[in-house]
Amino acid sequence: MAQQVKTAITPTRAEDYPEWYQQVIRAADLAENSPVRGCMVIKPWGYAIWENIQRVLDGMFKATGHVNAYFPLFIPLSFLEKEAAHVEGFAKECAVVTHHRLKSVDGKLVPDGELEEPLIVRPTSETIIGAMFAKWVQSYRDLPLLINQWANVVRWEMRTRMFLRTTEFLWQEGHTAHATQTEALEETAKMLEVYADFAENYMAMPVIKGEKTEGERFPGAVSTFSIEAMMQDRKALQAGTSHFLGQNFSKASDIKFLDDKGELVHAWTTSWGVSTRLVGGLLMTHSDDDGLVLPPRLAPLHVVIVPILRDDADSAKVLEYCQSLAKQIGDVQYDGQKVRVELDRREGRGGDKIWSWIKKGVPVRLEVGPRDFAADSVFMGRRDLTPKDKKGLKREEFLAELPRILQEIQDGLLSRAKAHRQANTVKIDDKEELYRFFTPKNAEKPEIHGGFALCHFEGGKEAEEQLKNDLNVTVRCIPLNAEPEEGKCIMTGRPSQRRVVVGKSY
RNA sequence: CGGGGCGUAGCUCAGCUUGGUUUAGAGCGCCUGGUUUGGGACCAGGAGGCCGGUGGUUCAAAUCCACUCGCCCCGACCA
């Protein structure tokens, strides 16, 4: 009888990827569904990951000259009407506030006090920030205006998925105003670069920087840029966006200033954002059939110590040893900070505790018992290796090696993710082959298939529409660093100068 | 909002086709006691469910019917 390796998560990725995703969230205690449809409760472990994302990104924003501010959750309905494309993009998914109090009727509470002008709950803040920018900007000396806000937004989506798409989500939205088009375009590119840097170097998630096609553009933007990552089911995840808004919003909101020649002109604006979706991306990039795997730079804990206790006489000594060990580990520096360590003093058997940390994705586990105490050593397991792959190290050696081990895990996750993306990225020049690539063998229960197809594409909206209808794939982006290459559009045969990324997406 | 699947204990599910010994079960988890101890252990005892909700058919409904709510998947929409 062949012994099957028992995985902590069922089903496995290969068996049922969407279900696996949900089970990892539950096993790692990241979040759970709330009584409100489409909204989730982010639990401490999940929120701690988001806090790390916030901390790092916030530092990057400040380092590039941005400052934080906060704008209201409610936006007057009339504000949304100001920019035509924007209206069209967001009107059908807005939560609307129409009343400002409740009254009791037959024991039931019903809305009362109707508002003269309804308020919408922000789906994004271009309009209200634009209204404020209009007041703040009068002279070219007031520019550039570089503002960011950390906030929640609401988009009444039809279908939700934990972290990837929820009705309410947390994000960061940067909004800037500039004196010239060039400056605004530079800002758009700069922030895309910040996102790419963060994704690769902190999330260990390789991304492709690119421009969106017309069909995928942000409502109201002149051009939209994104970072696109490949998940383990080979679907693309748009992980961050940066928009060049031209003068569309400054005209809509009347953001005008006197330039250095004394002329009254409209400002050029940008906006850019990433959301709690990143947590979902992090999960789907690295996690395995035993649960979450976290890159050290964003892990809430780097090291967890699980004491192995036998009898009372040993226990006291082991615990004492663990405590001093925890203190020493906490003094080690990694990534410019103290190593985050926890001693798991919960009651219960070692095995259960160890598996709980495996499922939560802590990079380094130490199992410390009487033997280790006696030998002044530790027994270490790494989350990037299998659960059984553990080894003993002298305490001093471990302490000295720890920063290198953490960085090795961080780098290893990135290269593993890169290898996965590369293995599933192909150049395709034949339409039939493209259709084969994106058609599952088993239509009933589609297996993991497809990936990124690099194709010549000059088909415009109709051809994109056809791709979407036939294969449910889209042009994810036109890569920025693509090498110019002569070719023919895979859909229309028209001449093309560069390849685009085609894929299924979240 | 369309198509499919599913709602029975905290979790995973059996029971439903062929209504009636089902005062509603199992495994895991939980609580208590004990035995264990380099590992998701074992034994004994225990707590926990008006079978998603409402209505109907019937002498009798977890089981049949209608409606409804919720969740998941696949679409349409989107970060």
Side-chain angles (χ1 to χ4, degrees), chain A residues 6-11 16-23 26-27 32-38 88-93 123-124 153-173 195 212 215-219 224 226-229 236-243 271-281 290-291 306-312 314-315 318 348-359 365-375 377-379 381 387-388 390 392 440 443-446 465 468-469 471-472 474 504-506:
Chain A
K6 191 179 175 190
T7 57
I9 303 294
T10 43
D16 187 344
Y17 194 86
E19 183 61 23
W20 165 85
Y21 176 78
Q22 307 214 132
Q23 292 306 325
R26 194 168 63 182
E32 63 186 61
N33 277 315
S34 74
V36 183
R37 183 201 182 105
E88 205 181 312
F90 287 107
K92 52 189 176 297
E93 56 187 39
T124 179
V153 285
V154 166
R155 296 181 187 175
W156 216 269
E157 303 285 354
M158 297 178 178
R159 192 175 151 209
T160 58
R161 279 162 151 291
M162 290 247 228
F163 288 109
L164 300 174
R165 178 169 300 104
T166 47
T167 301
E168 179 190 11
F169 58 95
L170 305 182
W171 79 345
Q172 144 286 306
E173 48 180 327
Y195 289 153
K212 287 295 193 180
E216 299 271 316
R217 207 173 279 156
F218 176 75
T224 287
S226 73
I227 52 172
E228 300 283 331
L237 183 80
Q238 180 174 312
T241 51
S242 186
H243 314 291
S271 68
W272 28 273
V274 297
S275 70
T276 35
R277 165 177 266 199
L278 289 180
V279 178
D290 287 322
V306 179
I308 306 297
L309 306 174
R310 265 190 175 159
D311 50 61
D312 292 342
D314 280 343
S315 291
V318 170
R349 295 182 59 79
D352 297 320
K353 296 205 282 186
I354 288 160
W355 277 98
S356 77
W357 293 114
I358 291 174
K359 288 185 278 194
R365 304 183 306 279
L366 295 182
E367 304 171 15
V368 177
R371 260 188 247 162
D372 307 287
F373 164 65
S377 65
V378 298
F379 201 55
K388 304 221 157 169
K390 298 183 271 201
E444 287 291 303
K445 190 174 176 290
E465 198 66 29
K468 181 133 201 182
N469 288 336
L471 298 171
N472 194 29
T474 46
K504 300 198 181 197
S505 73
Y506 276 98

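Just so you know, these numbers come straight off a predicted model, no measurement behind them.
Of the candidate nucleotides B:rA76, B:rG38, B:rC73, B:rA76 has the atom nearest to the side chain of A:Met158. Distances were taken from every side-chain heavy atom of A:Lys359 (C-beta onward) to each of B:rG38, B:rC73, B:rG40; the shortest belongs to B:rG40. In this structure, the nucleotide among B:rG38, B:rA41, B:rC73 sitting nearest to the side chain of A:Asp352 is B:rA41. Across B:rC73, B:rC72, B:rG40, the shortest atom-to-atom separation from the side chain of A:Pro18 is found for B:rC73. The side chain of A:Glu93 lies closest to B:rC77, out of B:rC77, B:rA76, B:rG38. When distances are taken from the side chain of A:Glu19 to each of B:rC77, B:rC72, B:rG38, the shortest belongs to B:rC72. When each of B:rG70, B:rG40, B:rG38 is scored by its nearest atom to the side-chain atoms of A:Arg371, the top-ranked nucleotide is B:rG38.
When the P atom is used for both B:rC67 and B:rC72, the distance is 23 Å, rounded to whole Å. Nucleotides B:rC77 and B:rU68 are separated by 27 Å at their P atoms, to the nearest Å. Nucleotides B:rC65 and B:rG29 are separated by 37 Å at their C1' atoms, to the nearest Å. B:rG48 and B:rU32 are spaced 15 Å apart, taking the C1' atom of each and rounding to whole Å. If you take atom P in B:rC42 and the same atom in B:rA61, they sit 41 Å apart, rounded to whole Å. Between B:rC73 and B:rA60, the two C1' atoms lie 38 Å apart (nearest whole Å). Between B:rC51 and B:rG7, the distance separating the two P atoms is 15 Å to the nearest Å. Annotation: B:rU8 and B:rC50 have their C1' atoms spaced 12 Å apart (nearest Å).
The pairing partner recorded for B:rU21 is none, the criterion being a Watson-Crick or G-U wobble arrangement whose two distances lie under 3.5 angstrom. Base pairing annotation: B:rC11 forms a Watson-Crick or G-U wobble pair with B:rG27, both donor-acceptor distances under 3.5 Å. Base pairing of B:rG55: its partner is B:rC65, meeting the Watson-Crick or G-U wobble criterion (both donor-acceptor distances under 3.5 Å). As the counterpart of B:rC6, B:rG70 is assigned, both hydrogen-bonding distances of the Watson-Crick or G-U wobble pattern falling under 3.5 Å. Across all strands shown, B:rU35 forms a Watson-Crick or G-U wobble pair, both distances under 3.5 Å, with B:rA41. Of all nucleotides present, only B:rG75 satisfies the Watson-Crick or G-U wobble test against B:rC1, with each distance under 3.5 Å.
Side chain of A:Ser34 to main chain of A:Val36: a donor-acceptor pair is present (N/O by atom type, distance under 3.5 Å, no hydrogens or angles). Distance alone, capped at 3.5 Å, is enough to place a donor-acceptor pair between the A:Gln172 side chain and the A:Trp272 backbone. The main-chain N or O of A:Pro123 is found under 3.5 Å from a side-chain atom of A:Arg155 such that the two form a donor-acceptor pair.
The CH2 atom of A:Trp355 sits 12 Å away from the P atom of B:rA41 (whole-angstrom rounding). Remark: C1' of B:rC71 and CZ of A:Arg37 are 9 Å apart, rounded to the nearest angstrom. Atom P of nucleotide B:rG40 and atom CD1 of A:Ile354 are separated by 9 Å, given to the nearest angstrom. Between the CD atom of A:Glu465 and the C1' atom of B:rA76 there is a distance of 11 Å, rounded to whole Å. Taking atom CG of A:Leu366 as the reference point, atom C1' of B:rG38 lies 14 Å away to the nearest angstrom. Atom C1' of nucleotide B:rC6 and atom CD of A:Gln22 are separated by 13 Å, given to the nearest angstrom. In this structure, A:Arg161 places its CZ atom 10 Å from C1' of B:rC72, rounding to the nearest Å. What separates CD of A:Gln23 from C1' of B:rC11 is a distance of 9 Å, to the nearest Å.
Using a 4.0 Å heavy-atom criterion, one finds that A:Ile358 contacts no nucleic acid atom at all. Using a 4.0 Å heavy-atom cutoff across all strands shown, A:Thr166 reaches at least one base atom of the nucleic acid. Within the 4.0 angstrom heavy-atom criterion, no nucleotide atom of any strand lies near A:Lys353. Using a 4.0 Å heavy-atom criterion, one finds that A:Pro387 contacts no nucleic acid atom at all. Among the protein residues, A:Glu157 comes within range of the nucleic acid bases, having at least one heavy atom under 4.0 Å from a base atom. Residue A:Ser275 is in base contact, counting any heavy-atom pair closer than 4.0 Å across all strands shown.
Of the side-chain N and O atoms in A:Asn472, one or more sit less than 4.0 angstrom from OP1 or OP2 of B:rA76. Proximity of A:Arg26 to the phosphate of B:rC11: no side-chain N or O atom is located under 4.0 Å from OP1 or OP2. The phosphate of B:rC77 has OP1 or OP2 within less than 4.0 Å of a side-chain N or O from A:Lys468. The phosphate of B:rC77 has neither OP1 nor OP2 within less than 4.0 Å of any side-chain N or O from A:Arg155. Note on A:Asn33: a side-chain N or O is less than 4.0 Å away from OP1 or OP2 of B:rC72.
Residues A:Glu367 and A:Lys353 are not paired through a salt bridge, judged by the lack of any N-O separation under 4.0 Å between the basic side chain and the carboxylate.
Of the two residues near RNA chain B, A:Asp16 and A:Pro370, the one whose nearest nucleotide lies more 5' is A:Pro370. Where A:Val378 and A:Phe169 each meet RNA chain B at their nearest nucleotide, the meeting point lying more 5' is that of A:Val378.
Using bins of under 30°, 30° to 60° and over 60° for the plane-to-plane angle, the ring pair A:Trp171/A:Phe169 lands in the perpendicular bin. Taking the six-membered ring where tryptophan is involved, the planes of A:Phe218 and A:His243 are essentially parallel, since the angle between them stays under 30° and well short of 60°.
Across A:Asp290 and A:Ala8, no two heavy atoms sit closer than the pair OD1-N, 2.9 Å. Scanning both residues, A:Pro387 and A:Trp355, for their nearest heavy atoms gives CG-CH2, 3.7 Å. A:Leu309 and A:Val318 get closest at one heavy-atom pair: CD2-CG1, 3.9 Å.
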